[in-house]
Amino acid sequence: MHERLQPGYGANKLFNSSVKGDLPLISIQFESQHDCQQVYNQLTRYMSKYTQLGVQVTLDIAKGQEEATLFIHYEDTNIDFYDSFHPLLASILSHYVIETKEEDWLLEIIESMFYFKDPEEQEQILSIACEIINGYRDDIPSISCFRERENYLYEAFASNIDEHTTFYYEPFLTFRLKDYCEILIDCVEIAIDEYLLEQEYQNIVESLRNYLKSAPKKMKELHLVYDGHFSFYNSSFRKISREEKEHFLEEALVFEGDLDIEEMVVSPLVSINPEIVSIYTDDVDQGIIYTLQTIFQERAILYPLGVFQRVT
């Protein structure tokens with residue numbers, strides 16, 4: 001790795017030597033000096049490792065008033081450019097786009113394509129979109145393609161950068177990333193669906209909590225057992241029958257759609273409105289358990305399943 005050359009003079013020297021030796025020279029033009037410097041810094045860090053393997057690359061920056069050009073001179077004649085440095089360069093540029101552009105583009109899609117103008121809503125949708133695209137929402141089906149969006153970026157850079165190239169960074173981002181942008185749009189669509197579902201969920205939870213405050217309590221204590229299936233027991237540990245559930249059920253509270261009453265949990269439990277809900281389960285991550293704790297708050301007490309088995 002050579003020392004960085006002086007702007008302007010170094011660029012001309014590299015260009016002239018590459019023409020004479022017919023060695024690869026790539027110039028990447030940036031409209032932002034900051035972007036140019038950051039990519040230069042990343043390449044420099046990687047090349048310190050590659051140099052130990054015998055790969056020889058010279059880097060130089062020529063700066064204008066606002067723009068800058070990164071010159072990459074590949075000097076190794078023993079290792080093919082496309083087998084060594086080319087994949088590294090495409091990978092670094094792909095990572096850099098994700099790190100510096102992706103969230104801004106997601107936010108722009110949220111606002112300009114889907115018309116969410118409220119900053120708080122934008123931030124919540126963006127947070128969900130970032131979780132989805134980074135693979136942190138395994139509960140959402142068919143999102144594996146988002147985790148591979150870097151491949152789309154890599155292929156786009158790799159197919160547009162040759163060993164003798166003048167490459168314009170910003171126009172490339174604007175006109176050459178159609179597949180990647182389609183992935184971002186799909187991601188935002190799913191994030192918005194999730195956001196609206198979560199809003200609906202929060203509204204339902206809040207309305208049920210308000211109901212509990214004013215509605216009469218029809219049972220002192222109710223024991224709810226989850227062992228793969230939910231079962232209701234009264235304060236004497238007698239199982240509550242289907243007919244009893246139907247008797248207690250308030251139709252205005254039913255939101256579980258077409259589920260049979262034996263499959264319903266939240267609606268009949270809120271309808272009964274017990275003073276204490278004792279929940280017995282070893283699956284504390286079950287979504288309905290969390291919902292019940294959110295609705296009943298301190299009135300919901302969690303126990304291991306074995307406690308119920310011992311008392312009965």
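Predicted model, so just to flag it, every value in this text is computed and none were measured.
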message: Suppose we screen for side-chain hydrogen bond (donor to acceptor under 3.5 Å, both in side chains). Which residues come up paired with Glu31, at least two apart in sequence or across chains?
response: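 Partners of Glu31 by the side-chain hydrogen bond (donor to acceptor under 3.5 Å, both in side chains) criterion come out as none, since no residue qualifies.
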
task: Return the set of residues passing side-chain hydrogen bond (donor to acceptor under 3.5 Å, both in side chains) with Tyr233 (not counting sequence neighbours), or none when no residue passes.
output: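 side-chain hydrogen bond (donor to acceptor under 3.5 Å, both in side chains) check on Tyr233 returns nothing, list empty.
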
message: With rounding to the nearest 0.5 angstrom, report the CD1 to CG distance, Ile109 to Asp104.
response: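 Between atom CD1 of Ile109 and atom CG of Asp104 there are 11.0 Å.
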
query: Distance from Leu208 atom CG to Asn203 atom CG, nearest 0.5 Å?
result: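 Reported value, rounded in 0.5 Å steps: 11.0 Å.
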
query: Hey, do the aromatic rings of Tyr280 and Tyr226 have their centres closer than 6.0 Å?
result: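 No, they do not, as the ring centres are separated by 6.0 Å or more.
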
task: Indicate yes or no for a side-chain donor-acceptor contact from Gln122 to the backbone of Phe116 under 3.5 Å, with no hydrogens or angles considered.
output: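 Yes, the answer is positive, given that a donor and an acceptor are paired below the 3.5 Å cut-off.
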
query: Counting only N and O atoms by type, is there a donor-acceptor contact under 3.5 Å from the side chain of Asp260 to the main-chain atoms of Glu262?
result: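 Confirmed, Asp260 side chain pairs with Glu262 backbone.
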
query: Listed by chain and number, what are the ring-ring contact (aromatic ring centres under 6.0 Å, His included) partners of Tyr201, not counting sequence neighbours?
result: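 Counting only residues at least two positions away or on another chain, Tyr201 forms no ring-ring contact (aromatic ring centres under 6.0 Å, His included).
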
- request: Sequence neighbours left out, what passes ring-ring contact (aromatic ring centres under 6.0 Å, His included) with Phe85? Give chain and number order.
  value: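 Result, ring-ring contact (aromatic ring centres under 6.0 Å, His included) vs Phe85: none returned.
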
query: Do the ring planes of Phe157 and Tyr169 sit parallel (below 30°), tilted (30 to 60°) or perpendicular (above 60°)?
result: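 Correct class here is parallel.
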
- request: State which residues pass salt bridge (Lys or Arg N to Asp or Glu O under 4.0 Å) with Glu243; sequence neighbours excluded, sorted by chain then number.
  value: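 None.
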
message: Tell me if the NZ atom of Lys217 is crowded by more than 12 foreign heavy atoms within 6.0 Å.
response: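 For Lys217, atom NZ is crowded (more than 12 foreign heavy atoms under 6.0 Å).
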
Selection residues 172-191 - residue pairs positive for side-chain hydrogen bond (donor to acceptor under 3.5 Å, both in side chains), sequence neighbours left out: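 The answer is Glu102-Tyr180.
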
